[in-house]
Amino acid sequence: AAMRRQFDGETINPTEVRAVLHSALRGDNSTAPVARGARAQAVAAHARMRELIAELDAGDVTDIVSIGIGGSDLGPRLVVDALALPDARFRLHFISNVDGNAARRVLAGLDPKRSAAIVISKTFGTQETLLNGGIVRDWLGDDTRLYAVSTNAQRVADFGIPPERTLPMWDWVGGRYSLWSAVGFPIALAIGMDRFLQLLDGAAAMDAHAASAPLRQNLAVWHALTAVWNRNALHAATQAVLPYDERLKLLPNYLQQLVMESLGKSVHVDGSAVDDDTVPVWWGGAGTDTQHSFFQALHQGTQVVPADFIGVLQADHPYAANHAALLANLLAQTEALANGQASDDPHRRYPGNRPSTLLLLDALTPQSLGMLVALYEHSVYLQSMLWGINAFDQFGVELGKQVANRLLPALNGGDTASDPVTQALLAEIARPL
């Protein structure tokens, strides 16, 4: 019933009084009028994406710089890193951090005359994105190769990007759920529009499964129940995600936002306090590198860390010995965590009984990646239903932004800070070096 309310466009984000319709971006999964209307807008946006890609393809642009942060960066960056081919028509580059070193490093290796840029911001008011967008706009020296994705046409126009180079966003799609929308424009440029639509098809297939499969055979339900069990029954404070495929190395970064921004809540939907723990800290990295980093703590540390392992059966490279070793290590780690090993020497004793979930993809394709990401989306929503919290607002990210805006004048020699520790730090920053 909860899945159906989402697909039908009911107001399941009550604190912001919004529907949540990212599923409509990728398939016809509801006959409800609001969902059908959202689907029509998505299809129109995909057609505009195809037109803009054709225009860029006809020119001499070789490199695309995508500028965004959070949901406007993590999803596209993940998919491009996972699926882009070596001989792709366009090379994609991403700038997110407001640290000027990020922009300088990306732009240093590029030719502005053979580059274009996309500024992605839902409100077109995100400080980091506008500052970086300004750097890239000036570096390009040519506004005709500047594109935007936003809900705010006026701010985009004020920035110097006309409507014909602007793609839409909508308030019924949250940032961390937006890679399926025109926010995926960088993805479509990197892998082609047809493969982008295959990514959406994979997600739509998982939507259909999550909505209709019986609970005992429903992957999204099992994943959500396992996550809540690990948190509330086993009291696990962290959760690792460990893709055994280099192409998925950014998946932990992506899931940190998807899961922790969605489930990092301490009050129920009605405002009452949550009695139990909600989301653990999500972290991880790609195997086998991580085996030589933090696996000591996973096997013999005092904290039990549940883990999601992700493997890919078919290799897309010719190095068969490497792939066999990769899969052997993947299976060995899940077995060793579960079973452990007894020893008379306490230093060589492995306690075992450490839980993990293993997800295997036949191959890493647009369809399978779409299914994998959608699985995590639905698991997050179902966890929120079990905890009685709202998975679709993110007020917790706003306070730091507000304080930063208040401190900017102080950093520029104007106002002082109201907090005495911050004021002391400002004085230290202002001290001549």
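Here the structure is a predicted model, which means the values were calculated and not measured.
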Next on the checklist: Given 3.5 Å as the limit, does a donor-acceptor pair link the side chain of His323 with the main chain of Val312, or not?
Outcome noted: yes
Next on the checklist: If only side-chain N and O atoms count, and only distance matters, is there a donor-acceptor pair under 3.5 Å linking Thr126 with Ser121?
Outcome noted: yes
message: Taking atom CG as the centre, does Asn101 end up with more than 12 heavy-atom neighbours from other residues, nucleotides or ligands that are less than 6.0 angstrom away?
response: yes
- Item | Distance-only donor-acceptor check, side chains Asp393 and Asn13, under 3.5 Å | no
TODO: Check the surroundings of atom CH2 in Trp222: do more than 12 heavy atoms from other residues, nucleotides or ligands lie under 6.0 Å from it?
DONE: no
Residues Arg354 and Gln300: closest non-hydrogen pair is NH1-N, 4.0 Å
Taken in chain and number order and not counting sequence neighbours, the residues that satisfy side-chain contact (heavy atoms from CB on, under 4.5 Å) with Asp277 are Arg231, Asn232
Donor-acceptor side-chain pairing of Ser262 and Arg176 below 3.5 angstrom: yes
Sorted by chain and residue number, the salt bridge (charged side-chain N to carboxylate O under 4.0 Å, His left out) partners of Arg18 (sequence neighbours excluded) come out as Glu16
Note: His223 and Asp308 closest approach over all heavy atoms is NE2-OD2, 2.8 Å
| query | Would His378 and Asp207 count as having a side-chain donor-acceptor pair, cut-off 3.5 Å? | reply | yes
Distance-only polar pair, side chains of Asp270 and Ser272, donor-acceptor under 3.5 Å: yes
**Report entry** Under 3.5 Å side-chain donor-acceptor pair for Thr123 and Asn152
**Finding:** no
Does CD in Glu398 sit with more than 12 non-hydrogen atoms of other residues, nucleotides or ligands closer than 6.0 Å?
-> yes
Closest non-hydrogen contact found for Val228 with Leu386 is CG2-CD1, 3.9 Å
Sequence neighbours excluded, the answer for salt bridge (charged side-chain N to carboxylate O under 4.0 Å, His left out) partners of Arg89 is Asp57
Other residues, nucleotides and ligands only: do more than 12 of their heavy atoms fall within 6.0 Å of CZ on Arg349? yes
request  = Tell me, yes or no, whether the heavy-atom count around Phe294 atom CZ, taken from other residues, nucleotides or ligands under 6.0 Å, exceeds 12.
outcome  = yes
(message) Please tell me whether Gln333 and His299 have a donor and an acceptor in their side chains that are separated by less than 3.5 angstrom.
(response) yes
Fit a plane to each ring of Trp172 and Trp170, take the angle between them on a 0 to 90° scale, and name the class: parallel (under 30°), tilted (30 to 60°) or perpendicular (over 60°). parallel
*Do you see a donor-acceptor pair shorter than 3.5 Å between the side chains of Ser178 and Ser181?*
no
Scanning both residues in full, the closest heavy-atom pair of Val136 with Ala117 reads CG1-CB, 3.6 Å
- Over 60° means perpendicular and under 30° means parallel, so classify the ring planes of Tyr244 and Phe309, tilted if in between. tilted
When every non-hydrogen atom of Pro252 is compared with those of Trp283, the smallest separation belongs to CB-C, 4.5 Å
- Run the ring-centre check on Phe185 versus Phe196 and record whether the distance is less than 6.0 Å. no
Contacts of Asp63 meeting side-chain contact (heavy atoms from CB on, under 4.5 Å) (sequence neighbours excluded), chain-then-number -> Arg91, His93, Leu110, Ser115
Applying salt bridge (charged side-chain N to carboxylate O under 4.0 Å, His left out) to Arg137 and not counting sequence neighbours gives none
side-chain hydrogen bond (donor to acceptor under 3.5 Å, both in side chains) pairs touching residues 251-260, sequence neighbours excluded, are Gln257-Glu261
